[in-house]
Amino acid sequence: MEKAEVLDYAKIGFKSGLEIHQQLDAGKLFCSCPGFLRTEKPDFEISRKLHAIAGESGEIDEAVKHEASFDREFIYQGYNETTCLVELDEAPPKFINEEALDIVIQIALLLNCEIIPVTQIMRKTVIDGSNTGGFQRSVMIAKDGCIDTKEGKVRIKSIVLEEDAARIISKEKEKAVYRLDRLGIPLIEIATEPDMKNPEQVKESALYLGDILRACKVKRGIGTIRQDVNISIKGHPRVEIKGFQDVKMFIPTIEKEIERQQKSNDKKSEVRKAEPDGTTTFMRPMPGSARMYPETDLPLLHISRGRINNLKANLPKLRKDIKEELKQRGLNDEMIHLIVSENKVEEFKSLLPLSKDANLIAKMLVLWPKDFSRKLNKIVEFETDVIESVLDAVRKNKIGISNVQDVLFDIANGKKLEDAMKINNINLDELENFIAILIKEKPGLSIGGYMGLIMQKFKGKISGKEIADALKKYVK
Amino acid sequence: MEIRNLKPGQRAALHTKQGDFECVVLESPQSGIILIKLDSGYNIGIREEEILDIKIIKEEKEKRGSEEEIKIEKNLPNVALVSTGGTISSRLDYKTGAVKWLNPELFKICNIARIETPFMKASENMGPEDWEIISEKVAEMLNDNEIDGVIVTHGTDFLHYTASALAFSLGKIGKPVAITYSQRSSDRGSSDARLNLVCAARFAVSDIADVALIGHANSGDEYCYALPATKSRKMHSSRRDTFRAINAKPIAKIYPDRIELIDKYNPRDDKIKINAKSKFSEKAALVKFYPNQNPDILDYYINQGYKGIVVEASGLGHVITEGKNNWIPKLKKVIKSGFVVCAAPQTIYGELQPYVYSAGRELEKTGIIYLKDILPETALVKLSWVLANPALKKDIRESMLNNFAREFNPRISEDEFLN
């Protein structure tokens, strides 16, 4: 689209909402299996079929019908050590993972939502094979929140905790292979109201929500976050675009989708997939509420006031708040960026009581390790207790601030902490200076007499031989 | 409007301390909480005291009755279905008797020519009287010239008891009787009922004239086993392939479209008419022997009017034979008074052999009946059946040791353990 044709979003009645799915950094939601992906050869495979079934209302959901129209065989791959009967749909869910629930409540509180005190775990019918049970367990935790953007408020409609689906390995017409390592990993789903008025605002909101998520205990890296965008314009029903990997693609994809909707004769509500080139392709009809029915294997979920208050009192800080705080400590932008991006904020803060020099701590924590890594051609990272010891030595004047970098380099280069500090804490100039003054002030003493006085002053920091060597220059 | 007037199915507007909701009211699993369905499909609960105002928008939707009729295809065999409850029929509409819970593949194999629902019970709520009802019903269907085989659907937990009961009471049959179940309810896409029912139908139209449990052979959805009624047991609390053949082989592998035979079977003979011995006594009991168990437990059953008991004995068939809880004097006394005491292996697998140790030889002399490799559950049903049938009761020892329904395996082979 050329610049001249910039769209008037208000005029076309553009409305957009976001739906973000983010994996939480916790064990599986309904069993005791760990939540990580595996690459080795699976220990076993099980072949299953799934069938369309009617929801509570007695009707079969449109999206479910669409999936059921392929009579596929599903192969599930698992590992004896990290897959249990729950993922295999051979045993009922054991519980809801309390840690995952806490993380979701925290995120909901950060998004100004109301926590729902009594809620029910639901089964959302999914029969594309990605869930062994034929449904995804999902529970609404909070509602009615909001975030602020430059162009106004965006309301948060709902916060849902759900289980991730199995991972697709291969898909053919009659057979699909899924791996169970991902099935059951806890996911948060954040859905906004369609309050965003242009693609720029969609992007800003997504970035802000991402910032909040990263402040909490969520998984990081490719595939751990999935972003869907709902779009509608005047004269075309809502379309959902799934699978944005990169926030950068938001604006071009939305622009192309509007163009498609404006040109399309077939104006139906559907789910479409975001392609890497910014276009979208049809995935399936829009699912309705007919595919939700209760998970009868678990009781109603109660979230107590006490639990909410407890979590509220210990909310993690947002990235932008952290940056502001670091700035006030006197750090420059480069240091702030390094500390935040390397996830060293907590460590940085824990070291602050040991030194007034925030910049020194930041250099020790993030800047010098980088330099040393380059010089030594290996990854250098210092344990917190090493940095603590060095800072402590500085505080007690055992080593000067100007020596800190050398001490750390020696440690990085393989020296023991004590040895590195011993050698570097002697400033020989300082020693000779002291000797010169001493001889002037107390002339005529024996070597042994001078030795005694010098040892008193530099006790433990320097060997007798080094003192004797220095003395020999002045006392014949 | 008051909370107690809220009824499941109504669409209502609720004004609550948590906010306003337009929703459908649901049946709540917990008192004091109103469960509602939001338009998103999610259910949430509202504590009754948080509800400030209620407005009914629409009354309960009338449940649509099923218009489905049973269709008969002339060129397909006819199968009769006895539905008794349990997870497998949790979707059965009791009022209309609709067949929509039966999957379409089933109707490619056979006509469901008759459906009977004598009762809907979870299997733990069944007993000798229910075994009798089911047995009479199945016998009548088998004697129907139009019917080629029978399927019984049943709750899983005590299904093997009913299967044994049918095997004993029906005697020699000429048509297949499939008894099947489900471990995953039919309201989920992954329900095992689908394959189990299709394979039960495949079995019911086969030439295998045995009572057999039909269910998943493994965790996958490829094929089922037909398991011998008296030699099968529920071995897992939740897996699809929970039923296993014990001290025996499966009769056959049942695929939706074919059967692979594994063991010997009784061939079909449509001319055989059945005169079922369907009575079962309530006065038979089953106890598990454990270390230091006081034999006075037997007095409890005698005082309650029981006529016999199956003791799950340890190892090769032992109970305590010395010290303060010595069972021998008690056994001698109660057996002499006419109380029947049988022993079955609590190891589940293997056979009792009382002569290996002197303790066993001592026990043998008390008159306890050693039931070889029988399953304890099958032994209970057999004792219940023998006690209720005057002809069999005449010589209880002989009846209990007679191999009526393949409950004893005279030759246990290597592959009949944990298979």
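The shown structure was predicted, so the numbers you read here are calculated from the model rather than taken from an experiment. Per chain, numbering begins at 1; letters A, B, ... match sequence-line order.
By the 4.5 Å heavy-atom criterion applied to side chains, B:D221 and A:E73 are not counted as neighbours. Counting heavy atoms from C-beta on, the side chains of A:K143 and B:L38 never come closer than 4.5 Å.
Both the backbone and the side chain of B:R188 come within contact range of chain A, with heavy atoms under 4.5 Å apart. Within the 4.5 angstrom heavy-atom criterion, only side-chain atoms of B:R184, from C-beta onward, approach chain A. Neither the backbone nor the side chain of A:K157 comes within less than 4.5 Å of any heavy atom of chain B. For B:L35, the part lying near chain A is the side chain, with the backbone staying farther off; criterion is any non-hydrogen pair under 4.5 Å. Using a 4.5 Å cut-off between heavy atoms, A:T296 does not touch chain B at all. In this structure, the portion of A:V139 lying under 4.5 Å from any heavy atom of chain B is its backbone and not its side chain. Using a 4.5 Å cut-off between heavy atoms, B:Q18 contacts chain A through both its backbone and its side chain. With a 4.5 angstrom heavy-atom cutoff, A:L50 touches chain B via backbone and side-chain atoms both.
With chain B as partner, the option from A:E45, A:R48, A:M140 having the largest number of non-hydrogen pairs under 4.5 angstrom is A:R48. Interface remark: of the candidates A:Q120, A:R123, A:K124, A:Q120 forms the most heavy-atom pairs closer than 4.5 Å to chain B. Of the listed residues (B:G19, B:S219, B:S237), the one with the most heavy-atom contacts under 4.5 Å to chain A is B:S219. Ranked by heavy-atom pairs under 4.5 Å with chain B, the first of A:D144, A:N131, A:T119 is A:T119. Of all the listed residues (A:P299, A:A91, A:S47, A:G133), the one sharing the greatest number of non-hydrogen pairs under 4.5 Å with chain B is A:G133. With respect to chain A, the highest number of heavy-atom pairs below 4.5 Å among B:R194, B:Q183, B:Q30, B:E50 belongs to B:R194. No other option in A:T132, A:V160, A:D89, A:I121 has as many heavy-atom pairs under 4.5 Å with chain B as A:D89.
A donor atom on one side chain and an acceptor atom on the other are not found under 3.5 Å apart for B:H216 and A:E90.
No more than 12 heavy atoms of other residues, nucleotides or ligands lie within 6.0 Å of CD in A:E81, so this atom counts as exposed by the packing criterion. The 12-atom threshold is exceeded at NZ of B:K121, counting heavy atoms of other residues, nucleotides or ligands nearer than 6.0 Å. Around NZ of A:K242, the count of heavy atoms belonging to other residues, nucleotides or ligands within 6.0 Å exceeds 12. Remark: B:E22 CD is packed, more than 12 non-hydrogen atoms of other residues, nucleotides or ligands lying under 6.0 Å away. Summarising the local packing, CD of B:E27 is surrounded by 12 or fewer heavy atoms from other residues, nucleotides or ligands at distances under 6.0 Å. Open room surrounds CD on A:E174; 12 or fewer heavy atoms of other groups in view lie less than 6.0 Å from it.
What you find for B:R47 and A:P117 is that their closest heavy atoms are NH1-CB, 3.9 Å.
Separation of atoms CG (A:L301) and CG (B:N43) is listed at 13.0 Å; rounding is to 0.5 Å. From A:H51, atom NE2 reaches atom OG of B:S190 across 8.5 Å, with rounding to the nearest 0.5 Å. Note: A:I116 CD1 to B:I46 CD1 = 8.5 Å, rounded to the nearest 0.5 Å. Taking OG from B:S238 and CG from A:L88, the interatomic distance works out to 10.5 Å, rounded to the nearest 0.5 Å.
Shown here are the salt bridge (charged side-chain N to carboxylate O under 4.0 Å, His left out) partners of B:K253, two or more places apart in sequence or in another chain: there are none. With sequence neighbours left out, the salt bridge (charged side-chain N to carboxylate O under 4.0 Å, His left out) criterion links A:E98 to A:R307.
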